[in-house]
Amino acid sequence: MKNPFLLAIFLVGTIALPDISSRGTQELTNDGLTGASQAILSFLDQRLAVVYPVIQRFKSLITLDPYNVTKTWIGSDICSYRGFHCDNPPDNTTAVTVASIDFNGFQLSAPSIEGFIDQFPDLALFHVNSNNFGGTVPSKIVNLRYLYELDISNNRFTGQFPTAVVGMSGLTFLDIRFNSFSGSIPPQILGQNLEVLFINDNGFTASLPEIPGDGTSTTHILFLTFANNKFNGPLPRSILRSMSTLTEVLFLNNDFTGCIPHEIGFLTGASVIDIGGNKLTGPLPISLMCLEKVEQLNFAGNLLFGAVPEAVCMLLRDNLVNLSLSDNYFTHVGPWCRGLLDRGVLDVSNNCIPFFPGQRSMQECAEFFVKPKKYYCPHMWFHNFFSCRYSHVSSSSASAFMPMVAPSP
């Protein structure tokens with residue numbers, strides 16, 4: 001450079017350039033980048049500064065945002081971002097952090113949530129129902145020590161059951177419905193301290209596992225749904241035996257086979273039991289009369305046969321709202337059960353009951369009953385076993401039950 005004056009200006013300008021690489025989190029801008037000419041963000045708490053770039057990176061991955069949710073994800077006030085909720089973390093009541101994320105119904109699209117959910121160390125709730133998130137559930141969520149509700153239902157998640165949730169002792173609510181998970185489910189999840197477990201409407205196969213242990217332990221699950229998968233094999237006795245706290249249990253629309261275990265009578269807290277749309281066979285177990293709180297019972301669309309148990313109709317008649325036995329092969333309905341028919345509670349359409357309207361043809365029934373004994377239960381006496389003492393039955397009902405005398409016409 002021939003002009004010494006210009007050379008001096010160039011050297012001075014070079015020495016005066018700022019070292020932007022040394023700036024910390026308080027140099028972050030609206031785009032999560034650093035720069036001398038851009039506005040510097042000031043955060044209410046360092047914990048919010050840490051997750052700011054995580055949010056901005058996830059924002060860049062979103063390909064569809066019909067409700068313009070991400071337009072609110074600007075600036076340092078993360079607690080005002082739509083879908084993000086702040087609170088004081090348990091380990092520091094004076095700090096402020098992102099405690100929950102609720103994207104329910106936003107219909108956001110992103111290929112993955114990896115590098116997002118697992119980067120919020122103080123997260124307690126993560127609800128993203130009805131979006132279009134794909135990929136698998138990050139294994140690092142096991143490090144979220146405060147997480148107790150995880151709802152990723154109605155998305156496009158794939159792969160095996162998210163085993164990272166197994167052993168998360170604080171988790172009480174797990175909803176992975178309406179995705180494309182496949183394979184089997186780990187037996188440990190059934191013995192975990194969950195209150196809600198929704199895994200229906202996926203592609204799970206294989207048989208349901210027995211709950212680990214000696215069979216005497218109990219779980220605290222209140223709502224359990226296996227519906228609309230491809231589970232096969234028998235209904236696990238340990239699940240029925242150890243879940244007396246269940247309020248609702250749905251096994252419908254799978255490929256369960258075998259006979260209904262008498263342990264179903266242990267579900268004494270259940271108001272809804274739905275096992276319709278499977279391939280279960282044999283008679284109904286008499287232990288159903290132990291279900292003192294049940295209102296909805298569905299066994300429709302199976303291969304069940306025999307007489308509808310009179311004791312069940314009599315002892316459950318006060319609470320039952322619906323007892324669906326349609327599309328089976330039952331052959332007899334007694335007086336107590338006819339009373340439920342008259343009230344519109346019992347449905348026995350499309351069975352094999354003589355002289356009843358809306359039944360299968362004689363040929364169809366005959367073909368079923370001459371089939372091999374694969375439809376018969378190996379230990380039929382178990383269907384007459386029950387463990388309750390009719391504590392829910394009035395004295396008048398109990399006296400009527402003992403001799404099994406039919407009511408007067």
Side-chain angles (χ1 to χ4, degrees), residues 222-224 235 237 239-241 243-252 259-278 280 282-302 304-349 351 353 356 377 380-409:
L222 300 176
F223 300 92
L224 180 64
L235 295 175
R237 297 177 183 272
I239 291 180
L240 303 175
R241 185 170 52 245
M243 294 191 177
S244 59
T245 58
L246 271 176
T247 299
E248 294 186 12
V249 57
L250 308 180
F251 293 98
L252 76 154
C259 301
I260 300 174
H262 72 83
E263 285 87 350
I264 195 172
F266 285 94
L267 301 180
T268 53
S271 61
V272 177
I273 300 175
D274 195 333
I275 315 181
N278 284 283
L280 297 167
L284 287 177
I286 199 74
S287 61
L288 288 173
M289 68 183 186
C290 300
L291 305 177
E292 56 189 83
K293 296 182 180 179
V294 73
E295 298 176 3
Q296 305 276 348
L297 269 175
N298 180 26
F299 298 102
N302 280 284
L304 302 169
F305 58 85
V308 181
E310 276 284 270
V312 173
C313 292
M314 188 190 71
L315 297 180
L316 301 185
R317 70 186 187 277
D318 292 336
N319 288 335
L320 269 179
V321 176
N322 178 49
L323 173 56
S324 183
L325 303 177
S326 62
D327 297 292
N328 281 284
Y329 293 87
F330 290 105
T331 54
H332 180 74
V333 174
W336 286 103
C337 294
R338 288 172 188 256
L340 295 184
L341 276 170
D342 294 340
R343 287 167 45 195
V345 173
L346 176 60
D347 181 4
V348 290
S349 60
N351 277 276
I353 304 171
F356 262 55
C377 303
M380 293 293 288
W381 68 271
F382 267 116
H383 285 72
N384 294 323
F385 176 83
F386 55 90
S387 60
C388 58
R389 293 175 178 253
Y390 332 120
S391 60
H392 57 295
V393 183
S394 65
S395 58
S396 59
S397 296
S399 62
F401 167 71
M402 294 304 292
M404 289 301 292
V405 177
S408 300

Using a 4.5 Å cut-off on heavy atoms from C-beta on, say whether the side chain of Val345 contacts that of Val321. no
Can any side-chain N or O of Asp274 pair as donor or acceptor with the backbone N or O of Leu297 at less than 3.5 Å? no
Would you compute the distance between atom CG of Leu315 and atom CG of Leu291 and round it to the nearest 0.5 angstrom? 11.0 Å
I need the Leu304 CG to Asn302 CG distance, nearest 0.5 Å. 5.0 Å
Looking at every heavy atom in both Asn351 and Asn328, which two are closest together, and how far apart are they? OD1-C, 2.9 Å
Which atom pair, heavy atoms only, marks the closest approach of Val294 to Asn319? O-CB, 3.5 Å
Pair Asn322-Ser324, side-chain donor/acceptor within less than 3.5 Å: no
On a heavy-atom basis, the closest approach of Val312 and Leu288 is CG2-CB, 3.8 Å
Answer whether the closest heavy-atom distance between the side chains of Leu284 and Phe299 falls below 4.5 Å. yes
Nearest 0.5 Å, please: how far is CD1 in Ile273 from CD in Gln296? 11.0 Å
With side chain to side chain contact (heavy atoms under 4.5 Å, CB included) as the test, would you mind laying out the steps for Phe266 and Leu240 before giving the verdict? CA-CA 6 Å; Phe266 285 94; Leu240 303 175; 5.7 Å; no
Rounding to 0.5 Å, atoms CZ (Phe356) and CZ (Phe330) come to a distance of 13.0 Å
Hey, are the side chains of Arg317 and Leu340 touching, using non-hydrogen atoms and a 4.5 Å cut-off? yes
Pair Asp347-Leu325, side chain to side chain contact (heavy atoms under 4.5 Å, CB included): steps then yes or no: CA-CA 6 Å; Asp347 181 4; Leu325 303 177; over 6 Å; no
For a side chain to side chain contact (heavy atoms under 4.5 Å, CB included) check, start with the C-alpha distance between Ile264 and Ser287, then their side-chain angles and the critical distance, and finish with the verdict. CA-CA 7 Å; Ile264 195 172; Ser287 61; 3.8 Å; yes
What's the shortest heavy-atom distance between Cys337 and Val308, and which atoms? SG-CG1, 3.6 Å
For residues Thr245 and Leu222, determine if any side-chain heavy atom of one lies less than 4.5 Å from a side-chain heavy atom of the other. yes
Main-chain N/O of Ala300 paired with Asn298 side-chain donor or acceptor, under 3.5 Å: yes
With a 4.5 Å cut-off on side-chain heavy atoms, are Val272 and Leu250 touching? yes
Which heavy atom of Arg237 sits nearest a heavy atom of Pro261, and at what distance? NH1-CB, 3.6 Å
Please give me the minimum heavy-atom distance between Leu235 and Phe251, naming the atom from each residue. CD2-CD2, 3.8 Å
Taken to the nearest 0.5 Å, the spacing of Thr247 OG1 from Leu224 CG works out to 11.0 Å
Distance col, row Cys290:SG vs Leu316:CG, nearest 0.5 angstrom, shows 9.0 Å
